[in-house]
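Every heavy atom of this structure was used, including side-chain atoms; hydrogens, water molecules and symmetry mates were not. In what follows, chains are A, B, ... by sequence order, proteins preceding strands, each numbered from 1.
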Number of protein chains: 2
Amino acid sequence: MSRPRTQAERLAATRATLMREARLIFAASGYDAAATEEIVQRSNVTRGALYYHFKDKRAVFEAIVEEVAREIAAAIDRKADPVGDPLQALIEGTRAFLDACLDPAVRRIYLIDAPAVLGWHRWREIDAPHGLRSLREGVTAVLAERPGQGLSVEPVTFLLSGAFNEAALWVAEAKDEKTARREMDRSLVQLMERLFGSPAEPARPPRARARA
Amino acid sequence: MSRPRTQAERLAATRATLMREARLIFAASGYDAAATEEIVQRSNVTRGALYYHFKDKRAVFEAIVEEVAREIAAAIDRKADPVGDPLQALIEGTRAFLDACLDPAVRRIYLIDAPAVLGWHRWREIDAPHGLRSLREGVTAVLAERPGQGLSVEPVTFLLSGAFNEAALWVAEAKDEKTARREMDRSLVQLMERLFGSPAEPARPPRARARA
DNA sequence: GACATTTAGAAACAGGCTGTATGTATGTCA
DNA sequence: TGACATACATACAGCCTGTTTCTAAATGTC
């Protein structure tokens, strides 16, 4: 296994190594400061190999962003049970997202650098079938239970997405991460419970709030 | 006035020109693709002048980010009346922010590139006395009217900030910007009204949402 | 099983861009 | 008016990306 004999194995192994090492360096140094030379040295190949596998440096980064997006979405879907209460699923999914963002690599690559390097549009395009899809489905399910609230799916989805992304960064940057995480969790739950309110009928829990 | 005689005038004029041209180029090309050579050519100076005024390229960018932050905050404060209803002030401030972000330069420089180039922490540090301060004050005022809701200022401030930033980008990137803007406005108002609810009962003009 | 062909990567090269070091004319002030 | 500081200009060194050319091993073909 140390020296893959077949071409296909060799190809896959090299690509996987490049992706792994590049991800570490992108996470540690940021996209701009990450030199392709360092990536290939740690991968025990030359820059020729990198440019054989990827069109340019940006393409390497984009592939990694897609990978990270898939991982995040998988973590969310693992926690956000679609059969139970939709609002609860949304809350659990959000928690899974915040936990995924405890990894500095995720924050640096996915939240900070990706929009700048790939552009906001492309970034959202990549996320569309993953985290964003999961969130949109959650919002859709919650709103389906609560018709006539005057909330539309798309704006709410992006509002929440932006809020969650910033929440992750705020927690990570806080002096006391543990405490910040707990504080943010409370506020997030409050935000979603109040935004969406209780399902259906006017019958609301104890402290019914008047509508404006 | 075309050739400032005194040194101080010359200094200020050159710096102002560099900032103006750099801002245009950073906005159009993004930080990375913006060459210092192009900045100085359009400013009718050489790179020597740029490196006399600024430590490096990043310092130019940082100065521009501070400038943009001040402008945004000024636009917000112009609209968010602190003497009226706090919630209404918050909503108006948010609208002013979204309007400020209609300028592509603001979005590209301030929302997209700044966190990547300067780092999230430094970015927030720069914003702290400006937009973030304004938002925090607004949230504080609103929560002061509504005690015991279990919402703490800091997490809510960052949640909202993240939501607003993403809202601005979503609106800008939408196919139909006008419609998107209206949709987002409705959702934003809903979000804030529901999150904060109605003020506590005691002593308050019945239903006066008086503001003009 | 020889042989052309493709694959996967190596090696070398060119260009651009940043930052720095040094030079210089003009303004400033005793 | 002469020394010094200011506000740039010029020249240079180094890094980093992307491209081009080259090569050895693997693969398909007869």
Salt bridge (charged side-chain N to carboxylate O under 4.0 Å, His left out) between E173(B) and R124(A): does it pass, once the steps are laid out? CA-CA 10 Å; E173(B) 215 70 24; R124(A) 283 311 196 177; over 6 Å; no
Would you please test E193(B) and R194(A) for side-chain contact (heavy atoms from CB on, under 4.5 Å) and show each step? CA-CA 9 Å; E193(B) 287 186 346; R194(A) 289 169 189 242; over 6 Å; no
Would R107(B) and W120(A) count as a side-chain contact (heavy atoms from CB on, under 4.5 Å) here? Give the steps. CA-CA 10 Å; R107(B) 293 196 305 273; W120(A) 187 86; over 6 Å; no
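Between the D113(B) side chain and the Y31(B) main chain, a donor and an acceptor come within less than 3.5 Å of each other.
R15(B) has its CZ atom 12 Å from the P atom of dC8(D), to the nearest Å. With rounding to whole Å, H53(A) atom NE2 is found 17 Å from dT19(D) atom P. As rounded to whole Å, 21 Å separates atom P of dA24(D) from atom CG of L11(A). In this entry the distance linking CD of E37(A) with P of dA10(C) reads 11 Å, nearest Å. Atom pair D56(B):CG and dC17(C):P shows a separation of 17 Å (rounding to whole Å applied). Counting to the nearest Å, the P atom of dG9(C) and the CZ atom of F54(A) are 11 Å from each other. One can place CG of D32(A) at 10 Å from P of dT18(C), the figure rounded to the nearest angstrom. Atom P of nucleotide dC15(D) and atom NZ of K57(B) are separated by 19 Å, given to the nearest angstrom.
The phosphate of dT18(C) (OP1 or OP2) has a side-chain N or O of T36(B) nearer than 4.0 angstrom. Of the side-chain N and O atoms in T14(B), none sit less than 4.0 angstrom from OP1 or OP2 of dA7(D). Y52(B) has a side-chain polar atom (N or O) that falls below the 4.0 Å cut-off from OP1 or OP2 of dA7(D).
Within 4.0 Å of A34(A), counting heavy atoms only, lie sugar-phosphate atoms of the nucleic acid but no base atom.
With a 4.5 Å cut-off on side-chain heavy atoms, I109(B) and F61(B) count as touching.
Comparing atom distances between the R47(B) side chain and each of dG19(C), dA9(D), dG9(C) picks out dG19(C) as nearest. Of all nucleotides listed (dA11(C), dC8(D), dA9(D)), dA11(C) comes nearest to the side chain of T46(A). Closest approach to the Y51(B) side chain among dG9(C), dC8(D), dT18(C) is made by dT18(C) (side chain taken as heavy atoms from C-beta onward).
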